[in-house]
Number of protein chains: 2
Amino acid sequence: MSRKPNLKDVAKVAGVSAITVSRVLTDPTKVSDKLRNKVEQAVRETGYIRNHAASALASSRSGVIAVIIPSLSNIVFNEVLQGIYQTARPNNLQVVLGDCHYSPLEEEKLIATLLGQSPEGIILTGAAQTDYARKLLERADIPVVQLMELTDQPIDMNIGFSHFHAGYDMTKHLLQRGYRTPGFIGARMDPRTQQRLAGFRQALADWPQPCQSFVQTTTQPSSARLGGQLLQALIAESAGKCDAVFCCNDDLALGALFEAQKMNLAVPGDIAICGFNDLESSSLVNPSITSVASARFDMGKQAVEMLLAAAGKPRKSIAPIDVGYQIIARRST
Amino acid sequence: MSRKPNLKDVAKVAGVSAITVSRVLTDPTKVSDKLRNKVEQAVRETGYIRNHAASALASSRSGVIAVIIPSLSNIVFNEVLQGIYQTARPNNLQVVLGDCHYSPLEEEKLIATLLGQSPEGIILTGAAQTDYARKLLERADIPVVQLMELTDQPIDMNIGFSHFHAGYDMTKHLLQRGYRTPGFIGARMDPRTQQRLAGFRQALADWPQPCQSFVQTTTQPSSARLGGQLLQALIAESAGKCDAVFCCNDDLALGALFEAQKMNLAVPGDIAICGFNDLESSSLVNPSITSVASARFDMGKQAVEMLLAAAGKPRKSIAPIDVGYQIIARRST
DNA sequence: TTGAAAGCGCTAACAT
DNA sequence: ATGTTAGCGCTTTCAA
């Protein structure tokens, strides 16, 4: 046999009709044990694999969900992806994934491309979609989940947490620990990073005594190396007065810590350091780094579950789901 | 019109036949300017989006490639994925991704599932596929690339480097630096990790003087935390005699370093540490960690290019491509 | 350059 | 519980 086997081939081998084979594959309980065994045997024998395109065309169910993340290299999204993939698989959903490199325009193009796969739902990161992207999504009329942050104007469903409040609380943590001239270092400066910075500023504004503060940001991609550089810039800018650094993520925080050690600055004695995302390393370095934890795996999982729950049903407006966050105080502050 | 527009609808609006619309979408040069303009106008007017499933079924070209990696959480594969996605997109290829959690059986199931998408090629990690998986792949008759490691019995194409030789060279590096009682710590113990360990053992066997060595491994997933635990176990096993540790990857190495610092062991004075994969942190910690670098992004990129080059052509046996590796000696050894 | 007809492989809907 | 029939929406093939 040279040609790839199709349903009819399997049916012939099993001595049944094509639809029976189809039923065994789709819902085995609809077929008697006897025939089911025959069919399963025939499937194995022929190495049959169902043609997804034909199945999708005939049933108008693609079994696909689309997912767009801003970065494949940021481990944060990997944990979300794990939640997504692990929930999608047992539900027989294929994931088609796009990386929009933090660009709403790239995201728009990706949405257009991915919608061509007739996904049964789509998961997006953040809420910075272009108007045209929103239009495309509305026309597609499929469930949409916006992930990671909370938004007032969701396209459809929304799950995440407030980066503003997390940034606010982290800054308050620094102030409460007695640091009075805190700095903020940020890379990439995507919307969520900006919200963290806004939280930082608001917390300072709300503090009873006025505090001097310093901010160093760049739109360059985040990395530990950059964390070191930004720390240097911050210390230079503040002429050494800065006594604490809020790093917009843990990569930066780790780099800042290593750099501080190279500069013979005691952490937290000379300078406190805190990060965001609570990566594993942050709890293992010396000193361990204070950070913000959030349920990333769970967000991915829930996003898929929300799509599943919404499938087929008429769209009803669901309140955004706030999964919250947690300040994990450690030795670095 | 409430129903989603199809080719015929667009054709009617444009006053042409369906096939003409199809041609405008696929290869506009095949249609006269006059009709092409009419059609393009009609497409915009109707908001038409081509049905991928029908297109794939009729043309038997899915525009999809399948990729299976052992882990979404291991940053190493993310870099490979970036190479894959960044090469796939400009070539109008969709990637369908599967995570087999280092299990050949899960991989087999994933292959079966992903082949259902009629991918035009498939990229696999490693060479530990089950017999049935290999049968499925042969039957599918599409280009296959096995990635990351080199194998004598490739299914089709192969690109990677020798983990055995890398492990061998790294161990030789330790011996040449004067360490005589080296240890190896390994987690997960997937085939590539085992090859690194085999290289470690061979290097010791080949060394002119006999050396005592220690090995601590676990099949648990790798993590920095585990690196610390394995280091403790190694030191206990060797009663402190161990003077160098070859960690099977950089996560373990970082954890081992942090643990050594907590134990007040000088690195590399009391104990040398080296890792594998050359993650960014390895170059930034104090002391920086010796590691093995390889061209992961490039491997992903090349794998897609190999699929593209092989598409359609009769399968000819191509020699495995060795992308090599590099020992990056740093202060930790 | 354009179109008409004939499926691609599967499943929904309708028998039996 | 099983089978028959008729498409799903597109592209291939062949004809004009």
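In the text below, chain A, chain B and the rest are named by the order of the sequence lines, each starting its count at 1. Reckoned from all heavy atoms, side chains included, excluding hydrogens, waters and symmetry mates. Just so you know, these numbers come straight off a predicted model, no measurement behind them.
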Nucleotide D:dT11, atom P - distance to CG of B:Leu7 in whole Å: 6 Å
Comparing B:Ile19 and B:Leu57 on DNA chain C - which has the more 5′ nearest nucleotide: B:Ile19
Rounded distance in Å - CG (B:Asn51) to P (D:dT11): 9 Å
Rounded interatomic separation in angstrom, taking NZ from B:Lys4 and P from D:dG9: 9 Å
Rounded interatomic separation in angstrom, taking NZ from A:Lys38 and P from D:dA1: 16 Å
Side-chain N,O (B:Ser17) to OP1/OP2 (C:dG3) below 4.0 Å: yes
Distance below 4.0 Å between A:Ser55 side-chain N/O and C:dT11 OP1 or OP2: yes
Sugar-phosphate only, base, or nothing, as touched by B:Arg23 at under 4.0 Å among non-hydrogen atoms: base
Close side-chain approach of A:Ser73 and B:Gln82, heavy atoms under 4.5 Å: yes
Rounded interatomic separation in angstrom, taking CG from A:Asn6 and C1' from C:dC10: 9 Å
Contact under 4.0 Å: B:Thr20 side-chain N or O vs C:dT2 OP1/OP2: no
Spacing of A:Asp27 atom CG relative to C:dT11 atom C1', expressed in whole Å: 13 Å
Short side-chain N/O contact from B:Tyr48 to OP1 or OP2 of D:dG9, under 4.0 Å: no
Beyond-backbone contact of A:Tyr48 with A:Leu7, side-chain heavy atoms, under 4.5 angstrom: yes
Closest-nucleotide 5' rank along DNA chain C - winner of B:Ala58 and B:Val31: B:Val31
Phosphate OP1/OP2 of C:dC8 contacted by B:Arg61 side-chain N/O (<4.0 Å): no
Distance-only donor-acceptor check, side chains B:Gln117 and B:Gln94, under 3.5 Å: no
Atom pair distance, as rounded to whole Å: NE2 in A:His52 and P in C:dC10: 12 Å
Whole-Å distance separating the NZ atom of B:Lys12 from the C1' atom of C:dG3: 16 Å
Side chain of A:Ala54 (C-beta onward), nearest among D:dG3, C:dT2, C:dG9: C:dG9
Close side-chain approach of A:Leu124 to A:Ile111, heavy-atom, < 4.5 Å: yes
Any B:Ser59 side-chain nitrogen or oxygen under 4.0 Å from OP1 or OP2 of C:dC8: no
Residue B:Ser22, side-chain heavy atoms: nucleotide from D:dG3, D:dG9, D:dT11 that is nearest: D:dT11
Short side-chain to backbone donor-acceptor contact, A:Asn37 and A:Ser32, under 3.5 Å: no
Touch class at under 4.0 angstrom, heavy-atom based, for A:Ser60 against every strand present: nothing
